[in-house]
Amino acid sequence: MNINWNDPGFEGFPKENPFAKKEGAPKKPRKAIGTPLTRTLLNLAVTLVVGAVYFYVALPAINLKAEEFYGWILLMCLVYCGMALLTSGFQGTGAKGYFGFVKKQCKIPAILVAALVVTSLVGSLLSWEVIRASSYRDLLTVEDGDFAAEVKEISYDQIPMLDADSAEKLGNRKLGELADMVSQFEVADDYTQINYKGRPVRVTPLRYGDLIKWFNNRADGLPAYLVIDMVTQNVEVVRLEEGIRYTTAEHFSRNLYRHLRFQYPTYIFDDPAFEIDEQGNPYWVCPRIDKTIGLFGGQDIVGAVLVNAITGESQYCAVDEVPDWVDHVFTAELIIQQYDYHGTYINGFLNSIFGQRDVTVTTDGYNYIAIGNDVYMYTGITSVVSDESNIGFILSNQRTKETRFYSVAGAEEYSAMDSAEGELQQMKYKATFPLLLNISEQPTYFMAMKDAAGLVKSYAMVNVSQYQIVATGDSVAECESNYRVLLARNGLISDEDTDVVAGDQKEVSGKVADLRTAVIDGNTTFYLMLDGSSAWYSAAAKDVPQLILVNRGDAVEMKIGEQLKGIAHPIYSLVPAAATNPAA
């Protein structure tokens, strides 16, 4: 219905529709909160709370060389700007007026963000490999070495026979045998390889089964860690009087990453490694990273924080101050990256693209070898053109980063693995990544051969220089014996250096000074050492069952046959028909 407000009956009423929307009516501005000082304090408080929560969760290093630091600052600037607009009432007329209002409120955060952007761009430019190729090349110092002289032969009872996958299977199986632990804890997947009391072992802590089990057990901590002997395959559960309270699987303040961040807020850390000292005390070795080229390039390790996994006490050590019992400061991935820089830019950046004279890179994969008290990372070196052959290999000390290059032309690791698998192709075994050994001054790939279930069934040795020389055996001793025979047959060593020396059987007697066992392919093998002798005597329990009755300190008489030479300790095989007579 249309109403005519000019009709005489509407005299005294407004002549305009009182309900009509008036054109051009100004919007009522939103009211700002409090005084300018109150608003600023409120904005800062909310920003700091959000920043603190993010810092507690994400744990960014307060360091211009840490990329995550820039994201943290940007987040807080955005929060402050949002709060400033909210508390000031979104004032302004039109796009221009509103833009001016935003500019006024966000001026300081915008300047800070711009400064960080400029800093990161300049830092990235100064880190650019094109203009800093020589700096990247010099991250790693590589010296030439003599393999036969510097890498000593080790006895086969010191050769690590377990890779990480096999160690994990043994660790999980061992925990499953412990009724008081299996329902509450799991085995962590660290399995760090270290030298412990002169033996190559892998160590790993436990972890809580889930959040509820953590809540129920956190007061006492994790009760044990595992030590897996890589030679005998024995798994030892080391129970602790006081539980492990600081781990990567913990929550809140006892989480290792958070514990480190609050103690060292400016440090950038690499992945921590679980280790134990010579007294069996559990520690976390946490390498400290520095970016040595520009702001973001040239990653290197300058020290490590050692954290007692039980008490949380920590100590920072520079690289040259790290204790000898520590084995993992420089990670294998970092060493490989630095060698690739060294090999790629050996003659400058342009040469790495055009000509590529003397350009080398590491091969895929790596392994560890124990030399003295340290663990060395091993990987092959090949030319930049993939040709399935190595020109040599490097050994790098994971505690000091001392790196040596050994010039040995031969097969790359995966070719050697194929050769070993071809030797036992009827069994369809898969070779583990090789371990590098010195056998009669010959660089040799050593591999465990696994079946489809991941169980070690055999062993193989492949000559690096002549990878058609492949020997296998059901035990390491048998494999080594067969390998030395092949070396002699191919003229690489003399017949006198072969490991099996035929001779008349003879008898030895004495008191048992040391006694060890190893389970190989489901059979228990005994190793004995007598007082006053450096020789070991070995036999399988199925061949000489009397060995089950022998203990340390017993007087024994044994008949022995073959002698294994060319290793640190002579190894004698007990003749199966011989009787071992423990004296009362």
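Only a predicted model underlies this, so the values are computations on that prediction, with no experimental measurement involved. The residues of the chain are indexed from 1 along the displayed sequence.
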Do [X] and [Y] make a side-chain contact, defined as non-hydrogen atoms from C-beta onward lying under 4.5 Å apart?
X	Y	value
Tyr191	Leu162	no
Ile276	Asn281	no
Lys401	Gln338	yes
Asp324	Arg399	yes
Trp214	Glu250	yes

Going by atom types alone, do [X] and [Y] pair a side-chain donor with an acceptor below 3.5 Å?
X	Y	result
Asp418	Ser415	no
Asp514	Tyr527	no
Glu129	Tyr345	yes

Please answer whether the main-chain N or O of [Y] pairs with a side-chain N or O of [X] as donor and acceptor at a distance below 3.5 Å.
X	Y	result
Gln398	Asp374	no
Asp190	Val203	no
His259	Gly312	yes
Lys457	Gly454	no
Gln299	Ile289	no
Thr248	Leu256	no

Pairwise distance [atom1]([X]) to [atom2]([Y]) - rounded to 0.5 angstrom:
X	Y	atom1	atom2	value
Ser419	Tyr414	OG	OH	14.5 Å
Leu424	Lys430	CG	NZ	12.0 Å
Leu306	Glu313	CG	CD	12.0 Å

Answer with yes or no after comparing the ring centroid distance for Tyr459 and Tyr429 against a 6.0 Å cut-off, counting only values under it.
-> no
Measure from the ring center of Phe405 to the ring center of Tyr339 and say whether it is less than 6.0 Å.
->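 Ring centroids of Phe405 and Tyr339 are no less than 6.0 Å from each other.
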Report the residue from Val464, Thr379, Asn367 that forms a side chain to side chain contact (heavy atoms under 4.5 Å, CB included) with Leu436.
-> Val464
Closest heavy-atom pair, Thr292 versus Gly298, reported as atoms and distance to 0.1 Å, is OG1-O, 2.7 Å
How would you list all residue pairs meeting ring pair (Phe, Tyr, Trp, His ring centres under 6.0 Å) that involve residues 294-321, not counting sequence neighbours?
-> Tyr70-Phe296, Tyr267-Tyr316
Less than 4.0 Å between a side-chain N and a carboxylate O, is that true for Asp229 and Arg516?
->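 Here Arg516 does not pair with Asp229 in a salt bridge, since their nearest N and O are not under 4.0 Å apart.
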Is the closest basic N to carboxylate O distance between Arg404 and Asp144 below 4.0 Å?
->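 Salt bridge: no.
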Apply side chain to side chain contact (heavy atoms under 4.5 Å, CB included) to Ser314 and list each qualifying residue two or more places apart in sequence or on a separate chain.
->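 Scan of Ser314 (side chain to side chain contact (heavy atoms under 4.5 Å, CB included), adjacent residues dropped) gives Gln263, Tyr264, Val305, Val307.
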Would you find more than 12 non-hydrogen atoms of other residues, nucleotides or ligands less than 6.0 Å from [X] atom [atom1]?
X	atom1	result
Glu321	CD	yes
Tyr467	OH	no
Phe215	CZ	no
Lys450	NZ	yes

Restricting to pairs with a member in residues 48-75, which pass salt bridge (Lys or Arg N to Asp or Glu O under 4.0 Å), not counting sequence neighbours?
->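 Only Lys65-Asp290, Glu67-Lys291 qualify under salt bridge (Lys or Arg N to Asp or Glu O under 4.0 Å).
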Verify side chain to side chain donor-acceptor pair (under 3.5 Å) between Tyr483 and Asn463, making sure each step is shown before the conclusion.
-> CA-CA 9 Å; Tyr483 179 67; Asn463 188 269; 3.0 Å; yes
Taking the six-membered ring of Phe252, is the NZ or CZ of Arg258 close enough (under 6.0 Å from the centre) and on axis enough (within 45°)?
->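 Here Arg258 fails the 6.0 Å and 45° test against Phe252.
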Should the pair [X] and [Y] be assigned to parallel (<30°), tilted (30 to 60°) or perpendicular (>60°) ring geometry?
X	Y	answer
Trp325	Tyr283	tilted
Phe433	Tyr378	tilted
Phe185	Tyr208	tilted

